[in-house]
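A quick write-up on the structure given underneath.
Proteins come first, then strands; the chains are lettered A, B, ... in the order of their sequence lines, and each starts at number 1. In this text the structure is predicted, and so the values were computed from the model without any measurement.
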Amino acid sequence: MRYSKMLIPTLKEIPAEAEVISHTLMLRAGLIRKLAAGIYSLLPLGLSVTKKVEDIIREEMNRSGAQEVLLPTVQPAELWKESGRWEEYGKELLRFKDRHQREFCFGPTHEEVITDLIRKEIRSYRQLPLNLYQIQTKFRDEIRPRFGIMRGREFIMKDAYSFDCDETGADESYKKMYDTYCRIFERCGLRFKAVEAETGIIGGSFSHEFMVLADSGEEGVVFCNGCDYAANIDRAEIRIEEKGNEGEKKKMMMMKEIKKVNTPGRKTVEEVSRYLKVSPQDLVKTLIFETENGIIAGLVRGDHQINETKLKRFLDSNIMVLAGDETVKEVTGAPSGFAGPVDLNIAIFADQGVKGMQNFITGANEIDAHNINVNIGRDFEIKGYGDIRNVREDDKCPRCGKDIDIKRGIEVGHIFKLGTRYSQILRATYIDSKGKEQLIIMGCYGIGVGRTISAAIEQNHDENGIIWPMPIAPFQVFILPVDTKDTTVMERSEKIYNSLLDKKIDVLIDDRDDRPGVKFKDADLIGIPIQVIIGLKNLREGNIEIKIRRNGEILKWRVDTVIDKIMELI
RNA sequence: CGGGGCGUAGCGCAGUCUGGUUUAGCGCACCUGCCUUGGGAGCAGGGGGUCGGAGGUUCGAAUCCUCUCGCCCCGACCA
């Protein structure tokens with residue numbers, strides 16, 4: 001491809017809208033342009049990378065025995081009503097009506113459609129197992145799209161669905177996809193971790209997320225330095241320390257008399273503990289939540305953070321919203337910041353870390369007041385204890401007890417074992433070898449294509465621009481003739497260009513009649529791994545210069561060996 | 001949805017508080033010519049704006065008021 005003919009609108013200045021480096025660079029390198037919030041056009045360079053990633057996915061999916069299909073983006077409401085998700089999915093589901101006032105939605109995911117297809121087509125165990133996948137545009141009306149195509153509303157996703165006769169088969173399918181995903185992300189040149197994860201609205205019995213570690217990641221990832229335990233922060237279990245001496249000591253402590261103290265204007269744990277000259281560990285935080293089963297309170301130690309997802313799972317509720325100021329006032333009789341469990345007549349649940357605490361401090365359900373020397377059992381009752389707080393770096397691995405690390409991650413892939421959640425409700429069944437009707441067991445497996453690209457840039461860039469890993473680079477080689485007007489330079493450049501094309505190499509030649517500085521800057525910005533720089537000075541000495549984008553290394557090779565040497569690099 | 005901020009040329013911004021000497025500006029980009037060719041050059045000339053939109057106040061509105069649309073950030077939420 002010739003640069004002069006290609007639409008590569010690079011930007012010298014940093015776009016105001018971009019927040020993370022991958023977004024900035026994708027705009028600056030001319031890969032994407034925004035049309036509306038969370039909705040982007042892919043320009044030639046961006047599409048080229050997208051196709052490379054898609055092809056890697058296709059190859060590996062096909063290798064695993066999956067078959068590609070293409071399902072509709074527009075889906076009838078009936079199917080979603082049948083699965084129950086028309087109500088469940090909420091505002092993220094983009095709904096609309098056709099000219100006959102029939103209800104439709106733009107598919108945010110395709111469990112309903114694929115299950116419908118399968119229930120119509122599959123009769124016998126002889127037709128199973130099956131794994132179908134597609135690479136398709138989806139739409140989820142995100143509350144807050146951000147970071148360019150990392151969290152868009154319209155986005156390209158590879159989604160696969162497996163169908164098995166029994167649990168053993170389903171587990172095998174799941175394992176196969178796990179391995180396939182590892183291969184895909186390895187080939188994309190990403191440093192990633194597979195972690196235990198939540199199933200969320202997709203549902204199912206267990207799942208793994210594939211996380212690319214990057215500071216800009218939106219998910220917390222917990223992993224052990226000693227063993228291979230790794231989990232999403234919403235999933236990561238708290239290791240319960242066997243309290244030896246400390247526990248004993250605690251038990252021996254006397255319950256002191258509960259007392260109300262003034263804490264004018266002190267609302268946060270930080271403020272209260274400093275004012276009362278105690279450590280945050282001596283406090284218990286009371287958080288009020290609204291659920292579908294009424295208002296409840298969640299308790300954690302002052303220096304701990306409650307995890308709503310864990311609380312939600314613990315209480316098996318679908319809705320869990322931190323109560324607003326009005327609700328808090330209604331329930332506790334005080335503005336938020338002064339809530340406490342004593343004389344609170346709603347169900348109270350506590351983190352297991354609160355269990356051994358004695359003579360602690362809580363809000364007094366009264367403005368500018370806290371209670372000290374509060375004790376469970378004597379002053380209030382707890383309806384249940386659970387693991388409802390976030391893991392911290394000073395916690396230990398729940399499996400092996402060694403130190404753990406918490407990092408940020410970008411979720412690029414997610415695999416779920418669905419079980420019979422959809423096959424049951426949509427009646428996707430088969431006849432087994434004994435002639436009996438059975439539910440098909442399903443799995444579902446997603447990869448965010450755009451997110452994978454963003455993540456690749458987050459991990460592979462420097463101050464000058466993108467540094468593409470070779471397998472997903474839009475071009476493998478960038479030929480940069482320093483002076484387009486010089487015939488010696490241009491003839492040699494064209495020759496190399498054509499030789500590489502003959503060898504099926506993706507090569508871009510910068511035939512623009514621009515000053516060298518402009519071309520060098522653009523070359524670094526768009527990040528093609530190998531730059532072939534052809535200048536008169538080197539050419540006179542029979543040399544051609546090669547610049548490795550990743551490390552800036554400059555190599556000088558003889559003109560007649562340059563093609564072979566480039567082939568070795570690719 | 002709550003809080004904050006921003007909409008002025010393709011991009012980045014000034015001007016808005018304090019309405020009128022501004023014919024609405026600057027840098028980059030763009031077009032023409034000259035010049036230049038190893039890290040986003042230089043000179044000269046040029047084109048491009050319903051100041052997000054609607055309504056209002058006023059002799060006069062980018063500037064003040066009301067409504068509205070869009071976008072960004074934080075929070076809540078989320079594969």
Give every donor-acceptor pair under 3.5 Å between a side-chain atom in residues 549-556 of chain A and any protein atom, sequence neighbours left out.
from: Arg549(A); atom 1: NE; to: Ile466(A); atom 2: O; distance (Å): 3.4
from: Arg549(A); atom 1: NE; to: Asp524(A); atom 2: O; distance (Å): 2.9
from: Arg549(A); atom 1: NH1; to: Asp462(A); atom 2: OD2; distance (Å): 2.8
from: Arg549(A); atom 1: NH2; to: Asp462(A); atom 2: OD1; distance (Å): 2.8
from: Arg549(A); atom 1: NH2; to: Gly465(A); atom 2: O; distance (Å): 3.4
from: Arg549(A); atom 1: NH2; to: Ile466(A); atom 2: O; distance (Å): 3.4
from: Arg549(A); atom 1: NH2; to: Asp524(A); atom 2: O; distance (Å): 3.0
from: Arg550(A); atom 1: NH1; to: Asn460(A); atom 2: OD1; distance (Å): 3.2
from: Arg550(A); atom 1: NH2; to: Asn460(A); atom 2: OD1; distance (Å): 3.3
from: Asn551(A); atom 1: OD1; to: Glu553(A); atom 2: N; distance (Å): 2.9
from: Asn551(A); atom 1: ND2; to: Glu553(A); atom 2: OE1; distance (Å): 3.4
from: Lys556(A); atom 1: NZ; to: Asn538(A); atom 2: OD1; distance (Å): 3.3

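The same atom, C1', is picked in G48(B) and in C26(B); the two are 15 Å apart, to the nearest Å. Rounded to a whole angstrom, the distance from the P atom of A54(B) to that of C69(B) is 15 Å. With both ends at atom C1', the span from A61(B) to U50(B) equals 15 Å, rounded to whole Å. U63(B) and A44(B) are spaced 36 Å apart, taking the C1' atom of each and rounding to whole Å. Distance noted for atom C1' between U57(B) and A14(B): 27 Å (whole Å). One P atom belongs to U32(B), the other to C51(B), and the distance between them is 30 Å to the nearest Å. Taking the P atom of each, U18(B) and G10(B) are spaced 31 Å apart, rounded to whole Å. Rounded to the nearest Å, the gap between the P atom of C67(B) and that of C28(B) is 41 Å.
Listed candidates were C74(B), G40(B), A79(B). Nearest to the side chain of Glu19(A) is C74(B). Taking every side-chain heavy atom of Arg28(A) into account, G40(B) is the closest of A79(B), C74(B), G40(B). Side chain of Ile533(A), nearest nucleotide from G40(B), G38(B), A79(B): G38(B). Among C72(B), A79(B), C1(B), the nucleotide with an atom closest to any side-chain atom of Ile143(A) is C1(B). Comparing A76(B), G40(B), A79(B) by their closest approach to the side chain of Met157(A) singles out A79(B).
Spacing between atom OH of Tyr3(A) and atom P of G40(B) amounts to 16 Å, rounded to whole angstrom units. Counting to the nearest Å, the C1' atom of C71(B) and the CZ atom of Arg33(A) are 17 Å from each other.
A 6.0 Å sphere centred on NZ of Lys495(A) holds no more than 12 heavy atoms belonging to other residues, nucleotides or ligands. Around CG of Asp179(A), the count of heavy atoms belonging to other residues, nucleotides or ligands within 6.0 Å exceeds 12.
Between the side chain of Asn538(A) and the base of G38(B), at least one donor-acceptor pair of N or O atoms lies under 3.5 Å.
Ring-plane geometry between Trp80(A) and Tyr89(A) is classed as perpendicular, the angle between the planes exceeding 60 degrees on a 0 to 90 degree scale with a lower cut at 30.
The residues Lys485(A) and Asp483(A) are annotated as not salt-bridged, no charged nitrogen and carboxylate oxygen being separated by less than 4.0 angstrom. For Lys310(A) and Asp234(A), the salt-bridge test fails: no basic side-chain N is under 4.0 Å from an acidic carboxylate O. The pair Arg183(A)-Glu60(A) meets the salt-bridge criterion, since a charged nitrogen lies less than 4.0 angstrom from a carboxylate oxygen.
Between Arg144(A) and C74(B) there is a side-chain N or O to OP1 or OP2 distance below 4.0 Å. Distances shorter than 4.0 Å separate none of the side-chain N or O atoms of Lys91(A) from OP1 or OP2 on C1(B).
Residue-to-nucleotide proximity on RNA chain B shows that, of Lys312(A) and Ile534(A), the 5′-proximal contact is made by Ile534(A). Toward the 5' end of RNA chain B, the nearer of the two residues Lys519(A) and Gly448(A), judged by each one's closest nucleotide, is Lys519(A).
Under the Watson-Crick or G-U wobble criterion, with both distances below 3.5 Å, A41(B) has no partner in any strand shown. Across all strands shown, U36(B) forms no Watson-Crick or G-U wobble pair with both distances under 3.5 Å. Nucleotide G7(B) has C69(B) as its partner under the Watson-Crick or G-U criteria, with both atom distances under 3.5 Å. The partner of U63(B) cannot be assigned: no Watson-Crick or G-U wobble pair with both contacts below 3.5 Å exists in any strand. With both pairing distances under 3.5 Å, C26(B) is matched to G12(B) as a Watson-Crick or G-U wobble pair. Base pairing annotation: G2(B) forms a Watson-Crick or G-U wobble pair with C74(B), both donor-acceptor distances under 3.5 Å.
At the heavy-atom level, Glu545(A) lies under 4.0 Å from base atoms of the strands shown. Among the atoms of the strands shown, base atoms are found under 4.0 Å from some heavy atom of Asp522(A).
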Would you sort out whether Leu525(A) and Phe520(A) count as a side-chain contact (heavy atoms from CB on, under 4.5 Å), showing the intermediate values?
-> CA-CA 9 Å; Leu525(A) 180 59; Phe520(A) 285 128; over 6 Å; no

Protein and nucleotides 24-33 of chain B: nitrogen or oxygen contacts under 3.5 angstrom:
from: G27(B); atom 1: N2; to: Glu13(A); atom 2: OE1; distance (Å): 2.9

Protein-nucleotides 35-37 of chain B N/O pairs closer than 3.5 Å?
from: U36(B); atom 1: O2'; to: Arg515(A); atom 2: NH1; distance (Å): 3.4
from: U36(B); atom 1: O2; to: Arg515(A); atom 2: NH1; distance (Å): 2.8
from: U37(B); atom 1: O2; to: Asp514(A); atom 2: O; distance (Å): 3.4
from: U37(B); atom 1: O4; to: Lys485(A); atom 2: NZ; distance (Å): 3.1

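In this structure, Lys138(A) fails the cation-pi test against Phe155(A), since its NZ or CZ atom is not both closer than 6.0 Å to the six-membered ring centre and inside 45 degrees of the ring normal.
Side-chain rings of Phe210(A) and Tyr178(A) approach one another, their centers coming within less than 6.0 Å.
Among His414(A), Glu209(A), Glu411(A), the one residue that satisfies the side chain to side chain donor-acceptor pair (under 3.5 Å) test with Asn232(A) is Glu209(A).
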